[in-house]
Amino acid sequence: MKKILSVFGTRPEAVKMVPLLLEMRENSGVRSLVCVTAQHRELLDDVLNPFGIVPDFDLNIMTAGQTLTEITTKVLHGLAPILAQEKPDILLVHGDTTTTFAASLAAFYARVEVGHVEAGLRSYDKYRPYPEEINRKLTTAIADYHFAPTEPARENLLNEAVPAEKIFVTGNTAIDMIKHTVRSDYVFKNFAAGGVDFSKKIILMTAHRRENWGAPMVNICRAVKRIAADFSDVQFIWAVHPGKAAHDPPHEILADAPRVLLTEPLHIFDMHNLMSRAHLILTDSGGLQEEAPSFDLPCVVLREVTERPEGLEAGTLVLAGTDENAIYNETARLLSDSVTYKKMAAAKNPFGDGQASTRIVNAILQ
């Protein structure tokens with residue numbers, strides 16, 4: 001039996017690791033242990049609780065205003081005794097957070113093999129996304145097994161001299177999660193849907209990345225305000241991140257904007273079921289870029305670069321950047337041009353078929 005320790009700390013990581021944890025829970029060849037760093041505390045718990053996933057270890061590192069240095073050192077110190085005690089066969093990490101890199105480094109120090117879920121994504125700009133691009137590349141340097149979601153991600157790894165036999169193309173576990181969350185008869189639980197006019201075109205959005213703090217976030221807010229004013233048939237629902245730099249600008253700039261609803265971060269069930277009713281996504285989130293095409297939703301990416309070029313090539317994403325006029329123009333085009341909208345909505349999802357978790361577990365056991 002393989003002893004596998006999965007380590008993650010943020011809501012996006014949890015969303016993508018839950019399907020894999022459920023798959024391992026059902027497999028007799030795996031003893032699955034879970035360690036959360038709680039880099040995001042309340043957002044993390046909201047994802048795990050509905051699935052009955054109780055962490056075996058909880059580092060509980062979150063403090064207000066914590067720095068990247070503090071996160072890194074806390075994870076290293078917290079994981080060292082757990083690795084010494086449990087001696088797992090493989091430590092699994094996901095994606096590109098600071099928890100991901102620090103946990104990988106801790107495993108390396110303990111001579112424990114590392115499996116990297118969602119490996120091989122690259123923007124080739126070390127400050128976009130920041131610090132995620134470097135977190136992901138450093139994790140690649142440490143990892144022993146690379147679970148790449150797509151063929152282009154595999155090519156990135158091969159170009160960096162990762163041995164081909166250590167790379168497994170699996171699809172993205174984000175797509176797996178949707179089959180656990182979306183229901184045709186869903187009743188919203190944590191989201192007050194009563195105040196939303198679903199007869200209008202729902203634009204669901206998020207924005208939180210560090211490189212978008214400051215002037216870029218202000219530009220995003222101003223673009224949203226203009227769109228809401230010019231298109232009376234739209235309803236914005238913005239799930240606002242609790243961090244001050246992402247929270248304050250929308251509440252200051254959009255307080256009096258028509259048909260703009262600012263909510264707290266949405267429970268994953270509410271988010272996915274809202275996506276099933278939405279018309280368009282505006283986001284700087286990596287996960288939403290991957291999930292949107294599963295709902296036939298065009299996605300306007302609020303970033304200067306994306307490490308998910310498969311979506312651009314497939315036509316499911318459009319890169320707007322953080323210029324106010326560019327965001328307005330790209331969104332207005334999709335609201336006004338039905339031909340362009342339908343073409344994006346019909347594009348095939350390049351990120352997976354919902355079977356990534358099964359492929360990852362099979363690869364580990366082999």
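Heads up: numbering here begins at 1 and tracks the sequence.
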Are Val117 and Val169 connected in the hydrophobic side-chain network, where two residues link if heavy atoms are under 4.5 Å apart?
no

Under 3.5 Å, side chain of Lys200 to main-chain N/O of Ser232, donor-acceptor pair present?
yes

I'd like to know if the side chain of Asp144 and the backbone of Gly115 have a donor-acceptor N/O pair within less than 3.5 Å.
no

Applying the side chain to side chain contact (heavy atoms under 4.5 Å, CB included) test to Leu20, which of Ser32, Ser357, Ser6 qualifies?
Ser357

Is there a path of hydrophobic side-chain contacts, each under 4.5 Å between heavy atoms of I/L/V/M/F/W/Y residues, joining Phe8 to Leu83?
no

Side chains of Thr206 and Thr283 only: does a donor on one sit below 3.5 Å from an acceptor on the other?
yes

To the nearest 0.5 Å, how far apart are NZ in Lys137 and CZ in Phe101?
13.5 Å

Report yes or no: does Arg154 contribute a side-chain atom to a donor-acceptor pair with the main-chain N or O of Pro149 at less than 3.5 Å?
no

Verdict with supporting geometry, Asp323 and Tyr328, side chain to side chain donor-acceptor pair (under 3.5 Å):
CA-CA 9 Å; Asp323 176 78; Tyr328 178 91; over 6 Å; no

Measuring from atom CD1 of Ile71 to atom OG1 of Thr97, what distance do you get when rounded to the nearest 0.5 angstrom?
8.5 Å

Taking C-beta and beyond as the side chain, do Leu262 and His251 meet within less than 4.5 Å on heavy atoms?
yes

Would you mind checking if Glu291 and Lys16 are paired as a salt bridge, meaning a charged N to carboxylate O distance below 4.0 Å?
no

Please report the interatomic distance SG(Cys35) to CG(Leu59), rounded to the nearest 0.5 Å.
4.0 Å

Return yes when atom CD of Glu160 has more than 12 non-hydrogen atoms of other residues, nucleotides or ligands closer than 6.0 Å, and no otherwise.
yes

In terms of side-chain geometry, is the basic nitrogen of Asp89 or Lys2 positioned less than 4.0 Å from the acidic oxygen of its partner?
no

Test log, rule ring pair (Phe, Tyr, Trp, His ring centres under 6.0 Å), inputs Phe269 and Phe51
CA-CA 11 Å; Phe269 286 84; Phe51 296 97; 5.6 Å; yes

When you compare the side chain of Asp46 with that of Ile268, does any pair of heavy atoms fall below 4.5 Å?
no

Check for me whether Arg277 meets the cation-pi criterion with Phe198, that is, NZ or CZ under 6.0 Å from the six-membered ring centre and within 45 degrees of the ring axis.
yes

Just checking Lys343: does its NZ atom have more than 12 heavy atoms from other residues, nucleotides or ligands closer to it than 6.0 angstrom?
no

Main-chain N/O of Leu254 paired with Trp238 side-chain donor or acceptor, under 3.5 Å
no

Please answer whether the main-chain N or O of Asp176 pairs with a side-chain N or O of Lys179 as donor and acceptor at a distance below 3.5 Å.
no

How many angstroms lie between CD in Glu86 and CD1 in Ile4, if you round to the nearest 0.5 Å?
13.5 Å

Give a yes or no answer on whether the side chain of Asp270 reaches the backbone of Phe191 with a donor-acceptor pair at less than 3.5 Å.
yes

Side chain of Arg209, backbone of Asp284: donor and acceptor closer than 3.5 Å?
yes

For Tyr130 and Asp125, run side chain to side chain donor-acceptor pair (under 3.5 Å): C-alpha distance rounded to whole Å, both residues' side-chain angles, the deciding distance at 0.1 Å, then the answer.
CA-CA 9 Å; Tyr130 170 82; Asp125 181 336; over 6 Å; no

Do Gln289 and Thr306 have side-chain N/O donor and acceptor atoms under 3.5 Å apart?
yes

Parallel, tilted or perpendicular, as decided by the 30° and 60° cut-offs, for the rings of Tyr145 and Phe168:
tilted

Run the ring pair (Phe, Tyr, Trp, His ring centres under 6.0 Å) check on His279 and Tyr341 step by step: do they pass?
CA-CA 10 Å; His279 182 76; Tyr341 178 90; 4.1 Å; yes

Salt-bridge present (Glu118, Arg136; N to O < 4.0 Å)
yes

Between Asn349 and Ser294, do the side chains contain a donor N or O and an acceptor N or O under 3.5 Å apart?
yes

Can you hop from Val112 to Leu105 via hydrophobic side chains spaced under 4.5 Å?
yes

Show your working on salt bridge (Lys or Arg N to Asp or Glu O under 4.0 Å) between Asp256 and Lys225 and close with a plain yes or no.
CA-CA 9 Å; Asp256 60 348; Lys225 191 168 188 176; 3.4 Å; yes

Hey, are Asp353 and Arg359 close enough for a salt bridge, meaning a charged N less than 4.0 Å from a carboxylate O?
yes

So, for Ile281 and Ala292, which heavy atoms are closest and what is the spacing to 0.1 Å?
CG1-CB, 4.3 Å

Between Gly29 and Leu365, which heavy-atom pair has the shortest distance, and what is it?
O-CD2, 3.6 Å

Scan side-chain atoms only and decide if Arg308 and Asn172 contain a donor-acceptor pair under the 3.5 Å cut-off.
no

Is the backbone N or O of Glu155 less than 3.5 Å from a side-chain atom of Asn159, with the two atoms forming a donor-acceptor pair by type?
yes

Is a salt bridge present between Arg128 and Glu133, judged by a nitrogen-to-oxygen distance below 4.0 Å?
no

Walk me through it: do Gln235 and Asp197 pass the test side chain to side chain donor-acceptor pair (under 3.5 Å)?
CA-CA 7 Å; Gln235 164 82 63; Asp197 184 355; over 6 Å; no

Is Ile175 reachable from Leu204 through a run of I, L, V, M, F, W or Y residues, each pair having side-chain heavy atoms under 4.5 Å apart?
no

Atom OG1 of Thr140 and atom CG of Asn156: how far apart are they, to the nearest 0.5 Å?
9.0 Å

For the residue pair Thr37 and Lys74, establish whether any side-chain heavy-atom pair is separated by less than 4.5 Å.
no

Give the C-alpha distance, both sets of side-chain angles, the deciding distance and a yes or no for side chain to side chain donor-acceptor pair (under 3.5 Å) between Glu13 and Thr100.
CA-CA 9 Å; Glu13 287 173 287; Thr100 303; 3.2 Å; yes

Sole residue of Met24, Glu113, His116 in side chain to side chain contact (heavy atoms under 4.5 Å, CB included) with Leu92:
Met24

Could you state the interatomic distance from CD1 (Ile53) to CE (Met17), rounded to the nearest 0.5 Å?
9.5 Å

For residues Leu121 and Val162: do they belong to one hydrophobic cluster (side chain heavy atoms under 4.5 Å, members Ile, Leu, Val, Met, Phe, Trp, Tyr)?
no

Write down the atom of Leu297, the atom of Ala278, and the distance for their closest heavy-atom approach.
CD2-O, 3.1 Å

Determine yes or no for a side-chain-to-main-chain donor-acceptor pair under 3.5 angstrom, with His146 supplying the side chain and Ala148 the backbone.
no

Write down the atom of Met344, the atom of Thr316, and the distance for their closest heavy-atom approach.
CE-O, 3.4 Å

For Lys189, does the NZ atom sit with more than 12 other heavy atoms under 6.0 Å from it, leaving out its own atoms?
yes

Under a 4.0 Å N-O cut-off, is there an ion pair linking Asp248 with Lys244?
yes

Taking all non-hydrogen atoms of both residues, which atom of Glu330 and which atom of Ala320 are closest, and how far apart?
CG-CB, 4.1 Å

Without hydrogens or angle criteria, can the side chains of Thr63 and Glu70 be said to hold a donor-acceptor pair below 3.5 Å?
no

Please check if the side chain of Asp337 supplies one atom and the backbone of Arg333 the other of a donor-acceptor pair under 3.5 Å.
no

All heavy atoms of Ser123 vs all of Val305, minimum pair found to be CB-CG2, 4.0 Å

Electrostatic pair Asp296-Lys348, nearest N-O below 4.0 angstrom:
no

